[in-house]
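Order of appearance sets the numbers: ligands from 1, and atoms from 1 within every ligand. Heads up: numbering here begins at 1 and tracks the sequence.
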Amino acid sequence: MRILVTGGAGYIGAHACVVLAERGHDVVIVDNFSNSSPAVLPRLAALMGRVPAHADVDLRDAAGMAGLFRTHDFDAVVHFAALKAVGESCEKPLEYFENNIGGTLGLLRAMKSAGVRNLVFSSSATVYGAPDTVPVREDAALRVTNPYGRTKLVVEQLLGDVCASDPGFHVANLRYFNPVGAHPSGTIGEDPGGVPNNLMPYICQVAVGLRARLSIFGGDYPTTDGTGVRDYIHVVDLARAHADALDFLQREERCETFNLGTGRGISVIELVKAFERASGRRVPFEIVSRRPGDVAEVYADPALANRLLGWRAELDVDAMCRDAWRWQSMNPMGYAGRAAA
Ligand code: NAD
Ligand code: WQD
């Protein structure tokens with residue numbers, strides 16, 4: 001298939017491009033580089049066997065998107081492009097709604113005009129907010145708690161309406177839990193730019209000496225060691241699920257929503273210890289007060305993806321830490337100095 005990957009220069013999108021190329025698909029990237037660097041492209045070329053076609057276009061640029069769909073005959077779209085920082089979304093809700101919903105509308109208009117009707121969408125476990133029980137199934141209550149999460153939920157709902165209006169339009173919503181790790185080559189990985197919001201890139205920057213110590217947000221949660229528990233998933237496992245979802249859409253011709261996680265919860269301290277083992281570095285930490293909006297424990301029930309996509313996570317926490325560390329130690333400042341303190 002010829003696949004358009006929106007946000008393909010970003011963290012998860014780049015890993016998906018590699019897997020899609022390995023499965024024999026033709027990949028075209030559209031990315032405005034608002035949260036990524038063109039420096040990823042030659043590295044992708046080395047992993048994919050050739051320079052991926054790419055367009056520096058904002059999804060909200062109607063003429064640019066129409067041109068892209070005229071130039072290429074796409075069979076399907078994998079839609080990663082979005083802003084993703086929870087804290088920033090609380091400060092700049094308009095930007096998040098404009099970019100994430102406006103961008104998706106721009107994409108859907110271009111798809112509709114070109115008659116492209118298969119879409120894999122990057123959603124998030126954030127749509128569950130604080131779940132009543134774990135593991136979380138796809139039919140759990142949806143209760144978003146921040147503007148970023150609301151954009152994901154609104155897009156899922158919008159896609160549901162598009163599917164209802166057009167029986168030939170098929171969508172797989174993929175709700176990611178906590179993606180971490182990097183390609184085993186160490187040449188592509190997560191490059192947050194500035195102070196990382198998420199745990200694993202923060203740990204990596206402490207281990208490589210960019211930051212003095214990790215602040216652990218809360219040591220008094222009702223969990224085994226008092227720290228928050230999440231379902232960390234290796235980005236390469238996650239990337240594979242996108243290729244499986246495209247196969248599902250082609251085979252089953254319907255819309256579905258899937259959790260993507262390992263099904264196993266890991267505490268902050270467990271992740272720090274696993275990282276220390278994998279890297280041979282110490283990760284000094286202090287326990288500070290809870291981060292507002294955090295919940296004690298969230299992990300997935302990935303049974304639906306197992307059953308319908310034939311997908312399951314294969315890489316364990318040691319592989320996640322080993323590959324995150326290889327990327328960080330080979331690229332201490334990210335792709336182009338984006339990690340400057
Ligand atoms: P990322 O920021 O690394 O990648 C997103 C890419 O989209 C970037 O390269 C950015 O430049 C591009 N982009 C953003 N807005 C654009 C626009 N209007 N037009 C063109 N390009 C645009 O993020 P990521 O971690 O790779 O996440 C990918 C997707 O997965 C996002 O939709 C995110 O919300 C979702 N997600 C991420 C996580 C996570 O923890 N990383 C968890 C759950 C869901
Ligand atoms: C994990 C654990 C923190 C940083 C977020 C988004 C979610 C999704 C994934 C996009 C928690 C603790 C963290 C630190 C810490 N993204 N922590 N010190 O909050 O589960 O999910 O990323 O869709 O929407 O909300 O991930 O990595 O920020 O935190 O102690 O410096 O690590 O309290 O227990 P989270 P995270």
Side-chain angles (χ1 to χ4, degrees), residues 5-16 29-38 40 55-61 64-65 78-87 89 95-96 98-104 106-107 121-129 144-146 148-149 151-152 155 174-180 189-193 195-203 205-206 211 213-219 221 223 227-233 235 238-239 242 260-261 265-269 271-272 285-299 338:
V5 180
T6 80
Y11 170 46
I12 305 168
H15 289 83
I29 292 171
V30 58
D31 200 303
N32 64 0
F33 301 108
S34 58
N35 194 40
S36 52
S37 163
V40 72
D56 182 350
V57 171
D58 190 301
L59 265 48
R60 293 164 291 177
D61 169 0
M65 291 299 284
V78 186
H79 178 31
F80 294 98
L83 300 175
K84 62 162 182 177
V86 170
S89 79
E95 277 186 29
Y96 271 69
E98 269 168 20
N99 193 78
N100 294 1
I101 295 169
T104 304
L107 172 68
F121 171 59
S122 298
S123 189
S124 169
T126 197
V127 298
Y128 298 118
V144 289
T145 56
N146 57 71
Y148 162 71
T151 68
K152 290 291 165 192
V155 169
L174 304 184
R175 293 180 181 156
Y176 313 154
F177 279 66
N178 290 64
V180 295
E190 185 168 12
D191 181 11
V195 183
N197 299 303
N198 296 116
L199 179 61
M200 182 65 105
Y202 207 105
I203 290 176
Q205 292 196 6
V206 171
R211 306 197 184 272
R213 73 180 59 76
L214 171 73
S215 296
I216 295 185
F217 301 139
Y221 284 108
T223 59
T227 64
V229 167
R230 297 290 183 276
D231 189 338
Y232 299 95
I233 172 170
V235 67
L238 189 62
H242 295 75
L260 296 179
I266 291 178
S267 77
V268 176
I269 285 180
L271 190 68
V272 168
F285 65 81
E286 63 180 332
I287 297 192
V288 301
S289 43
R290 293 180 180 192
R291 183 171 64 178
D294 271 357
V295 298
E297 192 172 31
V298 185
Y299 55 92
R338 278 167 47 87

Relative to ligand 1, is Lys152 under 4.0 angstrom through side chain, backbone, both or neither, heavy atoms considered?
side chain
If we set the cut-off at 4.0 Å for heavy atoms, which region of Tyr176 has an atom near ligand 2: side chain, backbone, both, or neither?
neither
List the closest protein heavy-atom neighbour of [atom]: residue, atom name, distance to the nearest 0.1 Å.
{"atom": "atom 15 (C) of ligand 2", "answer": "Phe217 CD1, 3.4 Å"}
{"atom": "atom 3 (O) of ligand 1", "answer": "Tyr11 N, 2.9 Å"}
{"atom": "atom 29 (O) of ligand 2", "answer": "Arg291 NH2, 3.4 Å"}
{"atom": "atom 11 (O) of ligand 1", "answer": "Asp31 OD1, 2.7 Å"}

From atom 35 (C) of ligand 1, work out which of Phe80, Phe121, Tyr148 has a heavy atom at the shortest distance.
Tyr148
Looking at non-hydrogen atoms alone, which of Gly7, Ala82, Gly13 comes nearest to atom 14 (C) of ligand 1?
Ala82
Are any of the N/O atoms on Ile216, whether in the backbone or the side chain, positioned under 3.5 angstrom from an N/O atom of ligand 2?
no
Contact check, Tyr232 vs ligand 2, heavy-atom distance below 4.0 Å:
yes
Gly228 neighbourhood, listing ligand 2 atoms whose heavy-atom distance to it stays under 4.0 Å
34 (O)
Show me which atoms of ligand 2 lie under 4.0 Å from any heavy atom of Thr126.
24 (O)
